[in-house]
Amino acid sequence: MKPKFRAWDKSNKKMCDVKALSAFNGGEVTIKRDGENASYVVPIERVILMQSTGLFDKNGVEIFDGDIVKLQYTIASDFELFEVRQFRGGMWRIDNRRRGSDLWLRNEDCEVIGNIYQNSDLIESVEE
């Protein structure tokens, strides 16, 4: 699998598609913002990279590191919010303060509803 990334542009507060990464000159990222035709080269310090997990939610949306997903953890429980994180050995997990699971076991049951950068109000629910 070829690694895929998206980036949170810290200065513009926008999510961007990553077109290329370069390790030269201290590191640069070529990004493309939604709704714009042009690509931009920015220093790597200006963005936060989020790697794709290679998995998709129940609606076919690609899941990235830092996404917030909604999931009914058990049949009898209410829906809960979880953050997608990478753990030891590169395993992708969903976690909140109460419980967690390996993402590959639950990805087809969850729904991406945002990410920790664009939806800071959702991250508060995950951390409660």
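If you're wondering where the values come from, they're calculated on a predicted model, not measured in any experiment.
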Main-chain N/O of Lys19 paired with Thr30 side-chain donor or acceptor, under 3.5 Å: no
Do Leu55 and Val112 sit in one hydrophobic cluster, given that two such residues count as connected whenever their side-chain heavy atoms are within less than 4.5 Å of each other, even indirectly? yes
Is there a path of hydrophobic side-chain contacts, each under 4.5 Å between heavy atoms of I, L, V, M, F, W or Y residues, that connects Leu103 with Leu71? yes
One pair to check against side chain to side chain contact (heavy atoms under 4.5 Å, CB included): Asp67 and Arg6. What are the steps and the verdict? CA-CA 11 Å; Asp67 277 346; Arg6 68 180 183 196; 2.2 Å; yes
The test is side chain to side chain contact (heavy atoms under 4.5 Å, CB included); show your working for Glu108 and Phe56 and say whether it passes. CA-CA 7 Å; Glu108 293 178 349; Phe56 296 84; over 6 Å; no
Val84 vs Phe64, side chain to side chain contact (heavy atoms under 4.5 Å, CB included): CA-CA, chis, key distance, verdict: CA-CA 7 Å; Val84 176; Phe64 283 82; over 6 Å; no
Rounded to the nearest 0.5 Å, what's the gap from CG on Leu81 to CD on Glu111? Could you check? 10.5 Å
Exceeds 12 heavy-atom contacts within 6.0 angstrom, atom NZ of Lys14: no
Can you get from Val41 to Val47 by hopping between Ile, Leu, Val, Met, Phe, Trp and Tyr side chains that sit under 4.5 Å apart? no
Could you grab the distance from atom CD1 of Ile116 to atom CZ of Arg85, nearest 0.5 Å is fine? 8.0 Å
Check whether more than 12 heavy atoms from other residues, nucleotides or ligands sit under 6.0 Å from atom CG of Asp78, and answer yes or no. no
Taking Val61 as the starting point, is it possible to reach Val69 by hopping between hydrophobic residues whose side chains are less than 4.5 Å apart? yes
Hey, what do you get for CG (Leu21) to CD1 (Ile44), rounding to the nearest 0.5 Å? 6.0 Å
For the CD1 atom of Ile63 and the SG atom of Cys110, what is their distance to the nearest 0.5 Å? 4.0 Å
Between Arg46 and Asp9, is there a side-chain N and carboxylate O pair less than 4.0 Å apart? yes
Distance (rounded to the nearest 0.5 Å) between Phe5 CZ and Gln51 CD: 4.5 Å
Can you list the residues that meet the salt bridge (charged side-chain N to carboxylate O under 4.0 Å, His left out) rule with Asp17, with sequence neighbours excluded? none
CG of Asn107 to CG of Asp102: how many Å apart, nearest 0.5 Å? 11.0 Å
I'd like to know if Asp57 and Lys70 make a salt bridge, using a cut-off of under 4.0 Å between side-chain N and carboxylate O. no
Can we say Lys4 and Glu62 salt-bridge, meaning some charged N sits less than 4.0 Å from an Asp/Glu carboxylate O? yes
How far apart are the closest heavy atoms of Val29 and Ile31, and which atoms are they? CG1-CG2, 3.5 Å
Side chain proximity check, Val42 to Lys10, heavy atoms < 4.5 angstrom: no
For Ser77, does its backbone N or O pair with a side-chain atom of Gln72 as donor and acceptor, under 3.5 Å? yes
Counting N and O atoms only, with roles assigned by atom type, does the side chain of Asn115 sit under 3.5 Å from a partner on the main chain of Tyr117, one being a donor and the other an acceptor? yes
My understanding is that only residues two or more places apart in sequence, or in another chain, count here; which of them pass ring pair (Phe, Tyr, Trp, His ring centres under 6.0 Å) with Tyr73? Phe82
Side-chain touch Trp92/Asp65, heavy atoms, less than 4.5 angstrom: yes
Heavy-atom distance under 4.5 Å between the side chains of Lys32 and Tyr40, does that happen here? no
